Every structure is written in C-alpha cells, then in structure tokens.
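Working notes, structure below.
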Protein chains: 2
Amino acid sequence: MPISPLFRPIDVAPAYQKVADAIEREIVNGRIKPGDPIGTEHDLVRQFGVNRSTIREGIRVLEEGGLISRDSSRRLHACLPRYSKLTSRLSRALVLHEVTFRELYEASMTLEVASIEGAVEQASEENLAELTDNLARSEAVVGDPAMLAECDAEFHVLVAKASQNRVLQLAREPAAQLFYPTTEMIVTGVAEGGPRLVAAHRHLIDAIRRRDREAGVLWTRRHLQDWRRGFEKIASLDRSVEHMYMEHAQAARRR
Amino acid sequence: MPISPLFRPIDVAPAYQKVADAIEREIVNGRIKPGDPIGTEHDLVRQFGVNRSTIREGIRVLEEGGLISRDSSRRLHACLPRYSKLTSRLSRALVLHEVTFRELYEASMTLEVASIEGAVEQASEENLAELTDNLARSEAVVGDPAMLAECDAEFHVLVAKASQNRVLQLAREPAAQLFYPTTEMIVTGVAEGGPRLVAAHRHLIDAIRRRDREAGVLWTRRHLQDWRRGFEKIASLDRSVEHMYMEHAQAARRR
DNA sequence: GGCTCTAACTTTGTCGGACAAAGGGACAGC
DNA sequence: GCTGTCCCTTTGTCCGACAAAGTTAGAGCC
C-alpha cells in the first residue's frame with residue numbers, strides 16, 4: 001500500500017539556476033517587459049542574497065537563452081529573443097545529429113512551399129518592396145557566388161516574412177541556415193546556377209504580386225529542384241550535413 | 001575614397017566567451033565527440049590559463065546551449081543537444097513575440113500534414129508499435145483531459161518520428177509545444193472531444209499501416225479542424241498565445 | 001579472493017574580497 | 001554650446017577559501 005503523499009518533492013537546484021529561473025519567470029509572465037532594465041549585478045546580489053559569482057552564472061544562462069542582453073554600456077535588460085540566434089542553436093544540433101541533405105531537402109520543400117503560399121495570400125506592399133530590392137541586389141552580384149548565396153538566403157527569409165506567419169518563419173530557419181553554405185558551392189560549380197536562381201526569384205516575386213498561388217508553388221518547387229540537381233552533381237543527398245558547414249552558422253550567429 | 005583595409009577587425013570578446021567558443025569549436029568540428037569527457041573545471045583552468053570563475057561562466061553558456069552537460073556525478077562531458085530542450089526555448093520566444101493561435105494553427109496544418117505524409121511513406125514496424133501502444137494508453141485515459149492531452153502530444157511526436165525526417169521533427173516541435181496546453185482545455189470543454197481525438201488517432205495509424213497517403217492527410221486535416229472548432233468555442237483564433245501557457249513548456253523543459 | 005566499510009582525496013557550488021578597464025555623469029574652462 | 005577632466009559605478013577577471021557530495025583507495029571481514 002502506497003504511503004499517502006505527505007510531502008511534495010522539494011526543489012533542489014543550484015542557486016545560479018534558481019536565480020535564472022526567477023528572472024525568467026518574471027519575463028515570461030510579463031512582469032518584466034522586453035526592454036526593461038534588470039538592474040546591476042550588485043542590485044541582484046542584494047535582491048537574491050547570493051554572491052556575485054552566483055548571479056553572474058545565472059545571468060550567463062539567461063543571456064545564452066536570449067532572454068536578456070546587455071546594451072552598449074553593458075547594462076542588463078530584458079529583450080525579445082531573436083529567432084536567428086535561437087535557430088542557429090537548432091542548426092548546430094542538426095549538424096551534430098548528422099542529418100542528411102535529403103532530410104533537409106524534403107523538409108524545406110514543405111516549409112518553403114508553405115511560405116510562398118502564405119506570402120501569395122498575405123504579402124504587403126512593403127514585403128514586395130523588400131523582395132524587389134533583394135532581387136535588384138541579387139542581379140548585381142550574380143557573378144559572385146558568396147554574395148549571391150547570401151542574397152538567396154535573405155530572399156527566402158523575406159518570403160517567409162511576407163507570409164505574416166511567425167511560426168512558419170521560425171520553423172523554416174534551422175533548415176534554411178544549413179542550406180545557405182551549399183548554395184554558394186552550387187552556384188560556384190554550376191555555370192547556369194546564378195542566372196537560374198535569379199530568374200526563379202523574379203518569377204516568385206511576380207507570383208506574389210499577381211496573387212498566383214499555383215505559379216508560386218510551381219516556381220518554389222523548381223527552385224528547390226534546381227538546388228537538388230546542382231547538389232547531386234557534387235555529392236549524394238544521403239550524405240550527412242558536414243561539420244564544416246557549421247562554421248558559417250557560427251559566424252552568422254555572432255552578427 | 002575608402003582606405004585600404006590594412007587591418008582586420010580585432011576579435012575582442014570576454015574571456016568566458018572565448019572559453020565557450022573554443023570548446024564549442026572542438027565539439028562541432030568533431031574532435032570532441034558526444035559522450036567524451038571535457039575534464040574538470042580545474043583541468044580547464046590549467047588549459048586556458050584563466051580563473052575558475054571565468055571557466056564556470058563559459059561552461060554555463062555551453063550547458064545552456066545543450067552542447068555539454070553533467071552526468072550523475074556532475075562531471076562534464078560533451079553531448080548531443082536534445083531537441084526538446086532547444087525547441088522549448090523557441091516556444092518561449094513565440095510566446096514573448098505574442099504569436100496568434102491562427103499562426104500556430106496554419107503552420108501546424110502544414111507541418112503535421114508533412115509529418116503524416118512522411119510517416120505513411122517511411123514508418124517502420126517499430127514506429128507502428130509505438131503508435132499502437134500510444135493509442136491503447138490514450139483509450140485508457142479518454143476521460144482524463146490532462147492525461148489525454150499528454151498522450152495526444154506524444155502521438156504527434158511519434159508520427160513525426162515515423163517520418164524518419166529529423167528536420168521535420170524539429171521544425172514542428174515549437175508549435176506543437178504550444179498546442180499541448182490548449183488540447184487539455186478543449187477536451188475538458190467539449191463533450192465529444194476525447195472520443196473524437198482517439199478516433200482520429202486510430203484512423204491515422206490505420207492510414208500509416210495501409211500506406212494510404214490520402215487517408216492520412218484527410219484525417220490529419222480533420223483532427224486539426226476539430227482542434228480549431230473546439231478552440232473557437234473558447235476563444236478567438238486571433239488571440240495571442242498567452243503567457244500562462246509557458247508554464248507548461250517550462251515544466252516540460254526541466255524533465 | 002571477494003566483499004563491505006571507512007578514511008582520504010577530488011570536484012563542485014558558493015562565498016568574500018580585490019582590482020583594472022571602461023562607461024557615465026558632473027563640473028570647470030573655453 | 002562644446003570640450004576636456006575628474007570621480008564614481010559597473011563589469012570582467014582574479015585570488016583564496018570552505019562545505020557538501022562524489023570518488024578512490026585501502027583496511028578489515030567473510
């Protein structure tokens with residue numbers, strides 16, 4: 001016969017973790033709003049009654065989670081976690097789990113098609129202006145694989161943004177970040193690559209402007225299939241995402 | 001006229017950040033493999049030539065990022081970042097950005113349909129066994145909204161797992177984690193809710209077993225539309241995800 | 001020999017204090 | 001009004017210390 005539950009399990013966690021949890025709670029509960037100052041380390045020492053080293057460890061945890069950050073003068077304040085910072089963690093995890101390019105490709109096919117569908121339906125004039133601006137810049141650097149790959153990555157971020165669906169924006173990020181380095185390789189290796197990429201973007205913008213869902217989906221598929229064909233000239237889709245690609249993501253995260 | 005770039009920007013970062021970066025690099029480069037011991041704090045003090053407090057701050061950063069963790073005896077070792085830990089951070093971000101349930105619903109429609117399509121194509125016997133087991137447990141707790149909601153969340157994780165696509169598994173997690181608490185509310189509020197949910201699961205397993213893609217997609221759509229109808233009896237789809245839901249995700253993360 | 005129990009030893013979590021460098025603010029001087 | 005200087009605060013880092021928990025090694029017992 002089980003004994004009656006007289007006691008609750010007691011919460012035994014290191015002090016720095018409790019500090020981090022306490023501050024996190026205040027932020028997610030909304031009592032501390034993004035932008036609000038957290039106070040100096042010394043303030044926190046007084047409030048929590050623990051040593052400054054302990055406070056600092058707690059702060060590192062929150063900082064890494066993107067919940068708080070330090071402004072130009074290194075003062076602490078709460079902030080809205082930036083997707084790109086968090087999703088780069090996920091990209092890193094995908095690399096370490098050695099996912100294959102096939103998984104990346106298939107998931108992206110779904111996510112990018114959903115993005116364009118949302119964009120066709122929801123894009124504002126401002127979204128279109130951003131996309132058009134991106135297209136112009138892409139055309140200017142069509143001969144420079146590195147720059148073009150960067151433009152391509154930005155283009156798809158803008159399409160997702162135009163869908164006005166932030167969940168979707170976030171969901172596609174981890175995979176997209178791993179695509180980016182390969183795009184450069186492909187554009188370098190395939191002569192037709194650059195112009196075809198830019199042409200696809202042009203058709204996509206056109207589809208969004210005309211609210212033509214079919215065309216949007218069609219050109220997104222083609223665009224991704226182009227990537228796939230280019231990639232398969234270099235390597236097998238069943239190869240796992242290489243460690244070296246992480247360096248790109250790592251550099252991007254620091255920005 | 002711009003001056004010629006004689007100097008590279010110098011890398012000025014706090015020591016604890018450099019420590020974290022150095023260890024991270026070794027892990028993502030594969031020189032330290034998941035499971036490998038990192039050494040004691042004292043070892044790191046010797047290797048990096050900085051104070052233990054500094055080392056500890058660096059360790060916190062990596063620990064929070066899921067790259068290293070402490071085993072039962074609190075010794076440090078590299079590890080494969082667990083998706084659930086990372087995605088709960090994304091869920092938190094979505095809450096703070098006040099995304100709406102409509103965004104959640106529309107993104108999930110895409111992601112869950114993609115999951116079932118993958119599952120229909122790729123599911124192994126083991127995946128089916130897990131799903132069947134989950135169904136049995138769901139039927140046993142159909143009267144208990146909290147338990148049933150938990151089973152429902154697990155069911156969809158298992159479907160995504162059956163797709164054998166880890167990118168997709170990861171992409172759907174943040175949205176799924178925010179769904180979970182609402183499922184409980186809906187099952188509580190709608191009399192038919194529990195049985196309909198279990199019935200949908202049964203049809204989905206059946207579709208996977210028969211490799212019937214159409215049926216899988218159809219029942220996934222219905223299942224989500226059920227959720228939507230139930231939700232709209234309680235609140236508007238355009239309401240933002242409430243702060244209170246975070247408490248579930250927070251509790252889940254600690255597990 | 002294999003087992004248990006105990007006594008060092010190690011490691012972590014926390015503490016207190018310390019100091020240099022950088023930033024912010026007030027204040028005088030132009 | 002702008003600039004330069006001095007002072008105070010804050011952060012990043014260091015040092016040394018100690019209790020608690022875990023590890024290891026060895027003594028003692030079967």
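Owing to the predicted nature of the structure, the values given are computational and were not obtained by experimental measurement. The sequence lines fix the lettering, A, B, ..., with proteins before strands; numbering per chain opens at 1.
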Integer-rounded Å distance: D/dG12 P and A/Arg75 CZ | 12 Å
With sequence neighbours excluded, give me every ring-ring contact (aromatic ring centres under 6.0 Å, His included) pair touching residues 15-49 of chain B.
-> none
Tell me the salt bridge (charged side-chain N to carboxylate O under 4.0 Å, His left out) pairs involving residues 123-132 of chain A, sequence neighbours left out?
-> A/Glu130-A/Lys161
Near DNA chain C, which residues from residues 39-47 of chain B have a heavy atom under 4.0 Å away?
-> B/Thr40, B/Glu41
Those residues at least two apart in sequence (or on a different chain) that pass side-chain hydrogen bond (donor to acceptor under 3.5 Å, both in side chains) with A/Asp43 are A/Thr40, A/Arg46
For A/Arg56, report the nucleic acid contact type (base, sugar-phosphate, nothing); a contact means any heavy atom under 4.0 Å.
-> base
Would you kindly give the OH-to-P distance between A/Tyr16 and C/dT14, to the nearest whole Å?
-> 7 Å
Which residues pass the side-chain hydrogen bond (donor to acceptor under 3.5 Å, both in side chains) test with A/Arg172, sequence neighbours left out?
-> A/Glu112
Going by atom types alone, do B/Gln164 and B/Asn127 pair a side-chain donor with an acceptor below 3.5 Å?
-> yes
Using side-chain hydrogen bond (donor to acceptor under 3.5 Å, both in side chains) as the criterion, list what pairs up with A/Thr188, not counting sequence neighbours.
-> none
Tabulate atom names and distances for all N/O pairs under 3.5 angstrom spanning the protein and nucleotides 17-22 of chain C.
residue : atom : partner : partner atom : Å
C/dA18  : N6   : A/Arg52 : NH2          : 3.3

Expressed in angstrom and rounded to an integer, what is the separation of A/Leu76 atom CG from D/dT9 atom P?
-> 18 Å
Whole Å only: how far is the CD1 atom of B/Ile55 from the P atom of D/dT13?
-> 11 Å
Indicate yes or no for a side-chain donor-acceptor contact from B/Asp144 to the backbone of B/Val141 under 3.5 Å, with no hydrogens or angles considered.
-> no
Pairs involving residues 26-36 of chain A, ordered by first then second residue, that meet salt bridge (charged side-chain N to carboxylate O under 4.0 Å, His left out) (sequence neighbours left out) = A/Glu26-A/Arg31
Integer-rounded Å distance: C/dT12 P and A/Gln17 CD | 17 Å
Atom CD of A/Glu57 and atom P of C/dC15: how far apart are they, to the nearest Å?
-> 10 Å
Residue pairs passing the ring-ring contact (aromatic ring centres under 6.0 Å, His included) test where at least one lies in residues 61-99 of chain B, sequence neighbours excluded | A/Tyr83-B/His97, A/His97-B/Tyr83
In whole angstrom, what separates A/Phe48's CZ from C/dC15's P?
-> 13 Å
